[in-house]
Q: 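Please see the structure below; I have some questions.
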Amino acid sequence: MAELGVKKEPDKGLPGLEGAKGGVVMRFAPNPNGPPTIGSARGIIINSEYVKRYGGKLLLRFDDTDPVNKRPMLEAYGWYLEDSKWLGSVPDEVVIASDRLPKYYEIARELIRRGGAYVCRCDQASFKALKDAAKPCPHRGQSPEENMALWKDMMNGNLAPGEAVLRVKTDIVHKDPALRDWAAFRIVTADHPRVGERYRVWPLLDFESGVEDHLLGVTHIIRGKDLMDSERRQRYLYEHMGWEYPTTIHWGRIKIHQFGSFSTSALRRALEAGEYSGWDDARMPTVRALRRRGIRAEALRKFMIDLGVGETDISISMDSVYAENRKIVDPEAKRRFFVKDPVPLEVEGNVPKAAKAPFHPTLNLGFRDIPAGSKLLVSGDDVTDLKAGGKLRLKDLCNIEIVAIDPLRSRVIGTDPHQAKEMKLRIIHWAPTDGVPVRVMRPDGVDTGIGEAGIRDDLDQVVQFERYGFVRIDSVAEGEIVAYFAHR
RNA sequence: GCUCCGGUAGUGUAGCUCGGCCAAUCAUGCAGGACUCUCACUCCUGCGACUGGGGUUCAAAUCCCCACCGGAGCACCA
């Protein structure tokens, strides 16, 4: 009775894709000039999410056609594969543009034959001047035969870098100057990290990407709003060739509060200048850094899917990722004591020999013993506002009253947690003097302190340092444990 | 200069295609409370938005126009 009206259900997850019923072919197409960043993760995750939803194929395509300005890194190809896999987005097929130059040449020749492209020998500045004035350059009217001959000169070395480019004919009087006769190939004699000096004519993004999307049968393209004009440019190419353009979706630029805006190239420069310890430095906005810090792929996936694919430029906070991750990690993270900036605390009276502390407050993960005694360490942050006569509870150990401040002395006034509760004592954590030195690498700096010795058993695990935050134990060396900070 | 795109709470997001179910969804954040030997987790309550102005209409977050704000392209970069 009540459901006569069709209630609009709030859209859950990603919006549907137009014409995706029979399955999709989608691609993520990075330039491998560094490891995947959080921005890359968005592309990897969203594309793969759609493929999972509609069925079909996920392609990982390396658009590595600039050996100079955005020079590829050989290691980065593997990094993308590795991080895609970790993110739960294993590609069905991997394509590397620098392997496929001959295909592009073939299409270039066909395009020339069809009169869809010409070899332009203007220098950059004078072409721009003509283009801005919506005037054709002198080479635009060359016959396909002339163009083919010049193309061969580009290929065989008769023309030097800068002396000629192949341009796709569009509409030289188009009202948007960005679309007028764009360059498809240029001469580059620099060596390429993968294929050396085998080729001297390299395609530009609009050609390479546009051609590949067709060759690979891509049905849906998701790309940045900054590439909107790319689609409009490529449509001219598709028209010359008689191809059908895929469906496109655009999204806006993404900024992250905690990292600001970043580009792979900028990060690479900073890294090479020695500002970071590596691509997985805790301060890096890379997938591998997040992984090292103990962020789970599931948290990232959920976060990215929740972001959606809007065309608005967004400025997001890692807080949401952290909130997702906290929920995943909390039930399995062992609790440990880590005392930051330790201050010695003398305790008089009957201090228990050891604390029997649960690994988890609510789940049955067992207990660990932490040796105690009359000399302990507490966090510098916890003692700043202490005064003589003040009382507090050392968690899982005993209740104390502060006797003196500098140096810090106290006496046991009981061990019963209920007493502490009745007295509404503040509860702080502590560490034994024979604990292990711990260094915590954080996005915002480094903390040092002493942790309970049991942390040595937690290599590669995500644990919670009580009242401090979640960390991943990164290394357990003789003298020091290194932890990477995930979030509070 | 030319051209294109966008503007819902602090931050994201749903709703906008086919105007009424929207005194506007969800998450995160913040505030308060419950639980708890952690400032974690969980639960409850609360805070908080349709950029502005015109127009069309019985009715506009949704359609049209203008303004303002933000982003992007006009590379032999991706």
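In what follows, every heavy atom counts, from backbone to side chain, and hydrogens, waters and symmetry copies are set aside. Naming convention: chains lettered A, B, ... in sequence-line order (proteins, then strands); numbering from 1 in each chain. As the structure is a prediction and not an experimental result, all values here were calculated from the model.
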Q: For the residue pair A:Val347 and A:Leu345, establish whether any side-chain heavy-atom pair is separated by less than 4.5 Å.
A: yes
Q: So what does A:Gly308 hit on the nucleic acid, given a heavy-atom distance under 4.0 Å: a base, only sugar-phosphate, or nothing?
A: nothing
Q: Please give the distance between the C1' atoms of B:A78 and B:U38 as a whole number of Å.
A: 47 Å
Q: Measuring only the C1' atom in each nucleotide, how far is B:A14 from B:A27? A whole number of Å is fine.
A: 11 Å
Q: Please tell me if A:Thr65 has a side-chain N or O lying less than 4.0 Å from either OP1 or OP2 of B:A78.
A: yes
Q: Think A:Arg442 forms a cation-pi with A:Phe485, using NZ or CZ under 6.0 Å from the six-ring centre and within 45 degrees of its axis?
A: yes
Q: Quick one: do A:Lys225 and A:Asp313 make a salt bridge, cutoff under 4.0 Å?
A: yes
Q: Does A:Asp181 pair with A:Lys169 as a salt bridge, N-O distance under 4.0 Å?
A: no
Q: With a 3.5 angstrom cut-off on both distances, give the Watson-Crick or G-U wobble partner of B:C16, or none if there isn't one.
A: none
Q: If you go through the side-chain atoms of A:Lys70, does one of them form a donor-acceptor pair with the base of B:C77 closer than 3.5 Å?
A: yes
Q: Work out how far the C1' atom of B:C30 is from that of B:G10, and round it to whole angstrom.
A: 9 Å
Q: Please determine, for B:C35, whether a Watson-Crick or G-U wobble partner exists with both distances under 3.5 Å, and give it or none.
A: none
Q: For B:A72, give its Watson-Crick or G-U wobble partner with both distances under 3.5 Å, or none.
A: B:U3
Q: Measure the distance from NE2 on A:His192 to P on B:C77 and round it to the nearest whole Å.
A: 13 Å
Q: Looking at A:Lys128, does any N or O in its side chain come under 4.0 Å of the phosphate oxygens OP1/OP2 on B:A75?
A: yes
Q: What is the distance, to the nearest angstrom, from the NE2 atom on A:His257 to the P atom on B:G12?
A: 6 Å
Q: Using whole Å, what does the distance between atom P of nucleotide B:A75 and atom CG of A:Asp66 come to?
A: 16 Å
Q: If I pick the C1' atom on B:A23 and the same atom on B:A60, what distance separates them, to the nearest angstrom?
A: 15 Å
Q: Using only side-chain N and O atoms of A:Lys255, determine if any of them is under 4.0 Å from OP1 or OP2 of B:G71.
A: no
Q: The side chain of A:Lys421 lies closest to which of these nucleotides: B:C37, B:G12, B:C77?
A: B:C37
Q: Hey, which sits more toward the 5' end of RNA chain B by its nearest nucleotide, A:Arg232 or A:Phe465?
A: A:Arg232
Q: B:C74 C1' sits how many Å from A:Lys225 NZ, rounded?
A: 17 Å
Q: A:Ser209 near the nucleic acid: base, sugar-phosphate alone, or nothing, with a heavy-atom cut-off under 4.0 Å?
A: nothing
Q: Once you apply a heavy-atom cut-off of 4.0 Å, does A:Leu205 come out as touching a base, just sugar-phosphate, or nothing?
A: base
Q: Any strand is fair game: report the nucleotide pairing with B:U57 by Watson-Crick or G-U wobble, both distances under 3.5 Å, or none.
A: none
Q: So does A:Lys327 get a side-chain nitrogen or oxygen closer than 4.0 Å to the phosphate oxygens (OP1/OP2) of B:U28?
A: yes
Q: On the nucleotide B:C74, are OP1 or OP2 found under 4.0 Å from the side-chain N or O atoms that A:Lys175 carries?
A: no
Q: Taking the side chain of A:Met228 as its heavy atoms from C-beta onward, which of B:C74, B:C4, B:A78 lies nearest to it?
A: B:C4
Q: Considering only B:A78, B:U38, B:G12, which nucleotide approaches the side chain of A:Arg335 most closely?
A: B:U38
Q: Of the options B:G29, B:U3, B:U38, whose atoms approach the side-chain atoms of A:Pro177 most closely?
A: B:U3
Q: Validate the cation-pi geometry between A:Arg167 and A:Trp182: distance from NZ or CZ to the six-membered ring centre under 6.0 Å, angle to the ring axis within 45°.
A: no
Q: Do A:Arg253 side-chain and B:A72 base share a donor-acceptor contact under 3.5 Å?
A: no
Q: Looking at B:U62, which nucleotide sits across from it as a Watson-Crick or G-U wobble partner, both distances under 3.5 angstrom, or is there none?
A: none
Q: Going by distance alone, is a donor N or O of one side chain under 3.5 Å from an acceptor N or O of the other, for A:Ser410 and A:Glu401?
A: no
Q: Here's one to test your reading of the geometry: is the NZ or CZ of A:Arg223 within 45 degrees of the ring axis of A:Phe28 and under 6.0 Å from its centre?
A: no
Q: Given atom CD of A:Gln234 and atom P of B:G73, what is their separation to the nearest angstrom?
A: 16 Å
Q: Between B:U13 and B:C50, how many Å separate the two C1' atoms, rounded to a whole number?
A: 14 Å
Q: Tell me what A:Ile428 touches on the nucleic acid: a base, only sugar-phosphate, or nothing, going by heavy atoms under 4.0 Å.
A: nothing
Q: Can you tell which of B:A78, B:C37, B:U38 lies closest to the side chain of A:Pro417?
A: B:C37
Q: If you only use heavy atoms from C-beta on, which nucleotide in B:A78, B:A27, B:C41 is closest to the side chain of A:Glu324?
A: B:A27
Q: Under 4.0 Å, counting only non-hydrogen atoms across every strand here, what does A:Asp330 touch: a base, just sugar-phosphate, or nothing?
A: base
Q: Expressed in angstrom and rounded to an integer, what is the separation of A:Gln258 atom CD from B:U11 atom P?
A: 14 Å
Q: According to a strict under-4.0 Å criterion, is A:Gln124 in side-chain N/O contact with OP1 or OP2 of B:A75?
A: no
Q: How many Å lie between CD1 on A:Ile46 and C1' on B:G12, as a whole number?
A: 13 Å
Q: Measure the acute angle between the ring planes of A:Tyr468 and A:Phe338, then classify it against the limits of 30° and 60° as parallel, tilted or perpendicular.
A: perpendicular
Q: Report yes or no: is the cationic atom of A:Arg100 (NZ for Lys, CZ for Arg) closer than 6.0 Å to the six-membered ring centre of A:Tyr105, at no more than 45° off its axis?
A: no
Q: Mapping A:Lys302 and A:Phe470 onto RNA chain B by nearest heavy atom, which one lands closer to the 5' end?
A: A:Lys302
Q: If the C1' atom of B:C76 is compared with that of B:C64, how far apart are they to the nearest Å?
A: 44 Å
Q: Is there a Watson-Crick or G-U wobble partner for B:G48 with both distances under 3.5 Å, and if so, which one is it?
A: none
Q: Could you tell me whether the side chain of A:Arg393 has a donor or acceptor atom within less than 3.5 Å of a complementary atom in the base of B:C37?
A: yes
Q: Report the relative orientation of the aromatic rings in A:His487 and A:Phe470; use parallel for angles under 30°, tilted for 30 to 60°, perpendicular for over 60°.
A: tilted
Q: Which nucleotide, B:C77, B:G71, B:A72, lies nearest any side-chain atom of A:Arg186?
A: B:C77
Q: To the nearest Å, give me how far apart CE (A:Met154) and C1' (B:C76) are.
A: 9 Å
Q: Taking only the P atom of each, what is the distance from B:C5 to B:G12 in whole angstrom?
A: 22 Å
Q: For a quick check of understanding: with a heavy-atom distance under 4.0 Å over all strands, which category does A:Cys398 fall into, base, sugar-phosphate or nothing?
A: nothing
Q: Mind checking A:Asp176 for me? I need base, sugar-phosphate or nothing, with any heavy atom below 4.0 Å counting as a touch.
A: base
Q: Any idea which of B:U28, B:G12, B:C76 is nearest the A:Ala323 side chain?
A: B:U28
Q: The side chain of A:Gln464 lies closest to which of these nucleotides: B:G73, B:A40, B:U11?
A: B:A40
Q: How far does the P atom of B:C16 sit from the matching atom of B:A31, given to the nearest Å?
A: 35 Å
Q: What does A:Asp396 touch in the nucleic acid at a heavy-atom separation under 4.0 angstrom: a base, only the sugar-phosphate, or nothing?
A: base
Q: Which nucleotide in the list B:G29, B:C74, B:G12 gets nearest to the side chain of A:Arg326?
A: B:G29
